[in-house]
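Computed from a predicted structure; not experimentally measured. Numbered from 1 within each chain, the chains take letters A, B, ... in sequence-line order.
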Amino acid sequence: MVEREKRPYTIVLGVIGFDCHSVGNKILDAFFTERGFKVINLGVMVSQDEFISAAIESAADAILVSSLYGHGEIDCDGLRGRCIERGIGDIILWVGGNLVVGKKDFSEVEEKFRSMGYDRVFPPDTDLDKAVQELIQDIEARRQKKAAEGR
Amino acid sequence: MVEREKRPYTIVLGVIGFDCHSVGNKILDAFFTERGFKVINLGVMVSQDEFISAAIESAADAILVSSLYGHGEIDCDGLRGRCIERGIGDIILWVGGNLVVGKKDFSEVEEKFRSMGYDRVFPPDTDLDKAVQELIQDIEARRQKKAAEGR
Amino acid sequence: MIDRKMSKESFETQRTEVLKSWPTGADVDFDAAVALQRAIPEEKNFAAAMKKADAEGRTLLQPRAGVALVDEHIRLLKYLETEGEADLLPTTIDAYTRQNRYTEAAKGIEKSQAAGTSLLNGFPAVNHGVAECRRVTEAVSKPVQVRHGTPDARLLAEITLAAGFTAFEGGGISYNIPYAKNVPLRSSIQYWKYVDRLVGLYEEAGVRINREPFGPLTGTLVPPCVSHAVAILEGLLALEQGVVSLTLGYGQCGNLIQDVAAIISLRNLARTYFSEAGFEHVELTTVFHQWMGGFPEDEAKAFGVISWGSVAGRLAGATKIIVKSPHEAMGIPTKEANAQGLRTSRQIVNMLSDQGMLDSQAVQREVALIERETRAILEGAFALSSGRDPEEAAVRAFEAGIIDVPFAPSNQNQGKILPMRDNEGYVRIFKAGSLPLPQDVLDFHRERLEDRAKAEGRLVSLRMVTDDIYAIGKGRLVGRPL
Amino acid sequence: MIDRKMSKESFETQRTEVLKSWPTGADVDFDAAVALQRAIPEEKNFAAAMKKADAEGRTLLQPRAGVALVDEHIRLLKYLETEGEADLLPTTIDAYTRQNRYTEAAKGIEKSQAAGTSLLNGFPAVNHGVAECRRVTEAVSKPVQVRHGTPDARLLAEITLAAGFTAFEGGGISYNIPYAKNVPLRSSIQYWKYVDRLVGLYEEAGVRINREPFGPLTGTLVPPCVSHAVAILEGLLALEQGVVSLTLGYGQCGNLIQDVAAIISLRNLARTYFSEAGFEHVELTTVFHQWMGGFPEDEAKAFGVISWGSVAGRLAGATKIIVKSPHEAMGIPTKEANAQGLRTSRQIVNMLSDQGMLDSQAVQREVALIERETRAILEGAFALSSGRDPEEAAVRAFEAGIIDVPFAPSNQNQGKILPMRDNEGYVRIFKAGSLPLPQDVLDFHRERLEDRAKAEGRLVSLRMVTDDIYAIGKGRLVGRPL
Ligand code: B12
Ligand code: B12
């Protein structure tokens with residue numbers, strides 16, 4: 001059995017594009033910090049490359065992207081590709097918020113962002129307690145896979 | 001050309017069945033009276049036979065049935081038949097109000113009550129000024145027809 | 001204190017007759033009913049829920065709802081308690097049953113079965129009978145009340161209370177004048193004495209049933225003093241027969257100050273009149289009805305009217321609010337629309353619940369006015385009776401037009417009074433008929449109406465009354481010329 | 001009175017540069033623009049509409065709305081004026097344009113054309129240019145305002161004013177702190193001086209353009225004294241450049257007394273500060289924003305929040321109300337949902353319009369409190385400048401944390417302040433950071449919060465702030481533990 005990594009779960013947090021919605025971001029920061037995560041919070045108006053640089057620098061397990069203002073469809077597209085290009089293709093990519101323009105059926109939105117390469121997609125009324133469990137699962141699974149691959 | 005009848009337009013007014021909604025009825029009474037109609041107002045909770053008796057007695061041109069409380073479909077059915085049986089088969093029959101149970105597409109409601117033998121069917125937001133014009137037309141048409149038939 | 005309780009013999013004689021008036025009456029067994037009621041947990045007892053809300057200063061929400069068939073009705077109520085977050089449930093009775101036309105109701109049930117949708121405007125409880133009605137009260141987890149409009153509700157009360165309903169709306173005046181055409185007032189009051197006595201018998205057997213006279217009457221521009229006078233007379237009539245849990249009602253007029261003052265004055269007046277009459281142990285609560293007159297057809301606008309009702313009801317500190325739906329102008333609401341009205345109201349009541357009640361000098365002034373007016377009417381009525389008998393007072397007062405309900409269908413009502421809004425939307429009195437209001441009060445009303453007429457550049461006239469009847473439906477409070 | 005008007009040369013130098021910053025800038029011709037503006041009929045001039053409403057004591061309604069493509073945008077606005085019965089129209093600008101990212105905006109336009117639906121969260125006016133924007137203002141019959149959130153809105157202002165828009169929202173503080181991450185406050189204030197000067201030039205050419213600083217800031221539990229301080233500084237900055245028609249704003253907090261007091265105190269403070277600074281000829285009006293924080297997802301509940309905002313805005317006597325839609329929590333509203341929010345608000349405002357404003361001792365007490373707080377902040381700010389220069393005061397006050405906006409994204413803001421609701425839902429201050437409030441005021445806030453904590457059986461804590469942020473979205477005002 002592979003040994004369980006001891007270092008804290010590290011996540012990069014930020015609001016993508018030219019989005020200024022800072023309230024949810026501050027809450028996510030406080031929430032994950034309180035639960036023992038190491039949070040690199042880039043705040044609002046974060047570019048794709050800033051997300052990736054911060055993730056590389058901190059050897060993060062996951063990038064949690066927020067998009068509230070409706071341009072998510074444009075801003076979030078291509079992030080997985082850039083991650084691959086920059087050598088962290090297997091990083092956990094989550095995205096949440098009011099991801100598209102208008103009130104749309106969430107399953108369609110989920111589908112759309114899944115196909116962009118996001119591992120999980122969250123609506124604005126996300127239950128954060130549940131999300132934290134899922135994040136731990138996802139991170140553990142990734143760490144074990146990496147350990148097994150001997151990387 | 002047939003001569004135009006001089007006597008006042010006479011209408012029988014009432015709320016059918018066990019319906020107690022009296023406000024609209026009082027307004028219709030005041031409205032048609034003000035416009036020179038002779039109004040026989042039977043008030044609320046009027047049976048089919050009461051409508052017909054009043055119409056015969058007053059030699060009315062039209063019966064204006066209201067139904068607000070939702071039982072219109074049950075209460076209004078058969079009135080045309082009873083009119084025919086009692087010898088005033090050609091009387092103008094109008095019906096208006098909240099005619100069925102629930103919020104339904106008005107064109108369906110209209111269709112339903114037309115097929116029960118009502119000449120015109122009115123929703124609750126009826127423009128009474130327009131209705132009065134239509135009533136005069138209908139009454140004139142009926143009177144001329146009757147005159148032409150020499151009755 | 002004169003004991004006016006209906007005698008045991010008189011009650012029993014009537015009971016035999018009442019229970020025979022339709023086959024389902026045979027299934028009523030009072031002892032079994034008491035046993036059933038006693039087994040109902042406290043949180044499903046309506047009287048207990050009202051008492052608790054009153055003690056905690058909360059405002060509960062209750063919809064109106066009823067359909068023809070039992071299973072459909074259960075589905076409806078369950079939906080309203082889960083999706084609608086209702087605190088209290090109703091069972092609204094259909095209009096045939098209200099007129100004791102059980103044969104027509106039976107036809108309605110049949111047609112509804114055939115059509116696969118309710119063709120009745122409510123739940124025909126008498127036709128369904130005790131056992132079927134019990135399925136309703138057992139299926140839900142909130143207290144359920146019978147809501148109707150029945151001049152003679154004796155059999156309906158017997159059946160529904162035996163089936164575990166814990167509250168019963170109505171009264172000998174409020175379920176006659178707005179709901180009937182020619183039922184003698186004396187008769188309906190007698191019928192309702194029976195209902196109140198029945199509730200008294202349950203009380204004596206240790207079961208508290210909530211009673212609620214119907215406050216809004218015709219729902220259309222009824223001045224507070226008129227509905228308050230009726231509420232207090234009906235309250236007295238109920239208390240005389242042994243009722244303890246009593247909820248007095250009022251239908252929103254639309255001006256915030258007047259509406260808040262109405263609930264405050266209703267409580268004050270009731271406490272005074274009840275204790276003067278010797279009733280000290282009353283569990284008195286209030287119900288505020290969201291606007292009961294014509295609604296706007298547009299649902300968005302209806303949401304505005306619903307919200308405004310919730311604001312006023314909560315700022316007035318009413319114990320419960322009866323909630324309308326966005327379908328109001330069009331027809332009996334779907335369960336979804338009904339739940340929407342509830343949730344809109346819930347949001348408002350929740351957001352306001354921490355903010356206390358409204359009070360101000362304007363409110364106090366209006367409270368004083370309504371109290372003076374109501375007292376004048378009630379004292380005028382009592383003056384016509386001996387020993388301040390509320391029954392005699394009510395009957396004679398209606399005969400004399402001392403109580404007069406605007407726009408009512410009943411021939412027991414003089415119908416000479418005409419209400420009208422003043423320039424700020426208060427419902428005032430334009431034609432007082434024979435209401436025995438002091439001259440200075442009448443002058444005050446007239447002045448206020450003249451103010452409005454001046455603002456509108458027309459003379460005070462019947463046309464303004466009509467305009468006011470349409471106003472809220474057309475998106476305003478005061479029916480101004482366009 | 002120190003003349004702080006931007007010099008002609010400085011303006012002209014900037015102008016050349018600004019108009020070159022994107023190709024559509026070349027089409028701006030000031031003289032043609034003035035001619036166009038002068039030809040606009042009075043009833044389509046925003047400033048005139050606000051002035052008239054103020055004089056008549058009316059409260060106007062305005063939605064937010066903007067989509068990527070011109071024809072679609074015109075359809076949207078026309079729908080809002082006919083089906084929504086809006087008094088005033090908006091053109092909400094997309095977030096790329098707000099950051100001067102016209103290349104991204106161009107991509108958004110293209111993608112929207114391809115998708116057949118708007119992928120932008122607003123109308124990219126700069127990309128569309130003068131002639132296309134003019135089609136918008138010409139297509140509608142109500143006054144139209146540009147609403148955005150742009151730290152450097154110089155080109156946007158040039159283009160839209162040249163296209164016949166008659167009102168322009170924003171300001172150097174209120175369109176920076178909540179909308180940007182690291183734009184120096186001094187820069188944004190300079191950019192906005194240009195905009196205000198441009199409006200001043202129109203004024204001097206006989207064209208009155210309405211200006212409106214953005215009152216709600218982050219929209220989330222902003223204490224009235226903080227947003228009032230910003231509003232007054234931005235007001236002064238605008239007046240200095242020659243603006244005459246000025247609308248100061250405030251975002252609903254949720255407690256009725258506080259909200260009414262906020263609008264009253266905003267007017268009082270502005271009048272005093274403006275006249276003290278020598279500005280006597282100001283057409284001052286107010287705007288009340290319905291709740292700007294997180295909304296409930298359920299539409300019925302959202303209707304409740306919308307209605308409550310309309311109640312408060314009207315009882316406060318605001319000149320206009322900015323209206324939300326039932327889709328608020330979910331996404332940019334369809335035109336239908338937007339019109340619904342308008343009609344709900346319309347029904348409320350109409351029904352309340354005859355009822356006067358709310359006033360009471362509690363309101364007066366809160367007015368006095370807000371005025372003292374705001375004065376303390378403003379005087380603290382002015383103390384850092386020479387000659388009471390609002391620009392210097394603003395820049396230094398933000399540096400020193402003397403003005404501090406809760407939850408703001410900008411690094412120009414200290415972000416040490418934390419607001420919290422008290423037991424009655426008033427927004428109070430939990431952590432004051434460096435706000436220079438008198439000790440007794442701070443003690444008062446703390447007391448009120450302790451009261452709440454006691455009522456909830458917990459200690460005053462950060463957790464309560466988070467609970468409050470979620471509260472309205474979850475159906476309450478105060479974020480109580482469950
Ligand atoms: C006030 C009111 C009451 C008052 C009535 C007092 C009274 N005695 O009049 C009270 C509270 C007592 C009451 C009771 C009930 N009501 Co009621 N009531 C209303 C309400 C709110 C307003 C009615 C009104 O006065 N409108 C103002 C007048 C001026 O308008 P109107 O009545 O529509 O009349 C106009 C038009 O309809 C038209 N018109 C009418 N008839 C005709 C005929 C012709 C030929 C023409 C041209 C035009 C025309 O012209 C009239 C004048 O403008 C309506 C809903 C609404 N409209 O908002 C419900 C409503 C009519 N009631 C309803 C119901 C069901 C009842 C009850 C059965 C209780 C229940 N289950 O909820 C009982 C009735 C019991 C009985 N036996 O009848 C339903 C009917 C449902 C349906 N059709 O699907 C409604 C629509 C409410 C709802 N959405 O549930 N009600
Ligand atoms: C407050 C607010 C503002 C404030 C923001 C102040 C600030 N700097 O933060 C102001 C007024 C400035 C503002 C501006 C704008 N806003 Co805004 N705003 C809101 C509002 C009302 C509340 C947002 C909020 O703070 N919620 C509370 C927090 C706690 O919740 P949250 O942000 O949703 O975050 C939570 C969840 O989403 C989730 N979550 C978020 N990300 C992630 C990621 C992961 C991985 C997970 C697991 C969970 C998760 O967890 C968070 C914490 O619980 C929302 C509507 C609403 N929700 O009611 C609109 C809203 C987000 N805004 C919107 C828009 C469009 C704008 C503007 C473009 C203006 C416009 N056109 O209307 C500008 C943005 C300009 C820009 N450059 O970004 C739209 C977005 C539309 C869409 N997606 O279709 C919304 C939905 C309103 C609407 N219906 O139109 N806004």
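Within the 3.5 Å criterion, the main-chain N or O of D:Gly425 finds no donor-acceptor partner in the side chain of C:Gln355. When atom types are taken as modelled, the side chain of D:Thr344 and the backbone of C:Ala300 share a donor-acceptor pair closer than 3.5 angstrom.
The CH2 atom of C:Trp291 lies 7.5 Å from the CE atom of D:Met351; values are rounded to the nearest 0.5 Å. Note that NZ of C:Lys474 and CG of D:Asn350 are 13.5 Å apart. Values are rounded to the nearest 0.5 Å. Interatomic distance, OG of C:Ser345 versus CZ of D:Phe303, reported as 13.0 Å (0.5 Å rounding). Rounding to the nearest 0.5 Å gives a distance of 7.5 Å between CD of C:Gln340 and CD of D:Glu299.
Residue D:Asn423 touches chain C through its backbone alone, counting heavy-atom pairs closer than 4.5 Å. The contact between D:Val311 and chain C is made entirely by side chain atoms (from C-beta outward), counting heavy-atom distances below 4.5 Å. With a 4.5 angstrom heavy-atom cutoff, D:Ser353 touches chain C only via side-chain atoms. Only the side chain of D:Leu352 comes within contact range of chain C, judged by heavy atoms closer than 4.5 Å. Of the two parts of D:Ile472, the backbone and the side chain both hold a non-hydrogen atom closer than 4.5 Å to a non-hydrogen atom of chain C. At a 4.5 Å heavy-atom cutoff, D:Pro326 makes no contact with chain C through either its backbone or its side chain. There is no contact between D:Gln361 and chain C, counting heavy-atom distances below 4.5 Å.
Heavy-atom contacts from other residues, nucleotides or ligands closer than 6.0 Å to CZ of D:Arg463 number 12 or fewer. Around NZ of D:Lys142, the count of heavy atoms belonging to other residues, nucleotides or ligands within 6.0 Å exceeds 12.
The minimum heavy-atom distance linking D:Gly475 with C:Gln347 is given by the pair CA-OE1, 3.1 Å.
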Stepwise side-chain contact (heavy atoms from CB on, under 4.5 Å) check, C:Leu358 with D:Leu358 = CA-CA 10 Å; C:Leu358 185 76; D:Leu358 185 73; 3.7 Å; yes
Check step by step if side-chain contact (heavy atoms from CB on, under 4.5 Å) holds for C:Asp354 and D:Arg480.
-> CA-CA 11 Å; C:Asp354 304 311; D:Arg480 313 264 189 211; 2.8 Å; yes
Decide yes or no on side-chain contact (heavy atoms from CB on, under 4.5 Å) for D:Glu85 and C:Lys301, but give the supporting numbers first.
-> CA-CA 12 Å; D:Glu85 308 167 23; C:Lys301 293 190 173 184; 2.9 Å; yes
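With chain C as the partner, the residue from D:Gly356, D:Ser360, D:Ser307 showing the most heavy-atom pairs under 4.5 Å is D:Ser307.
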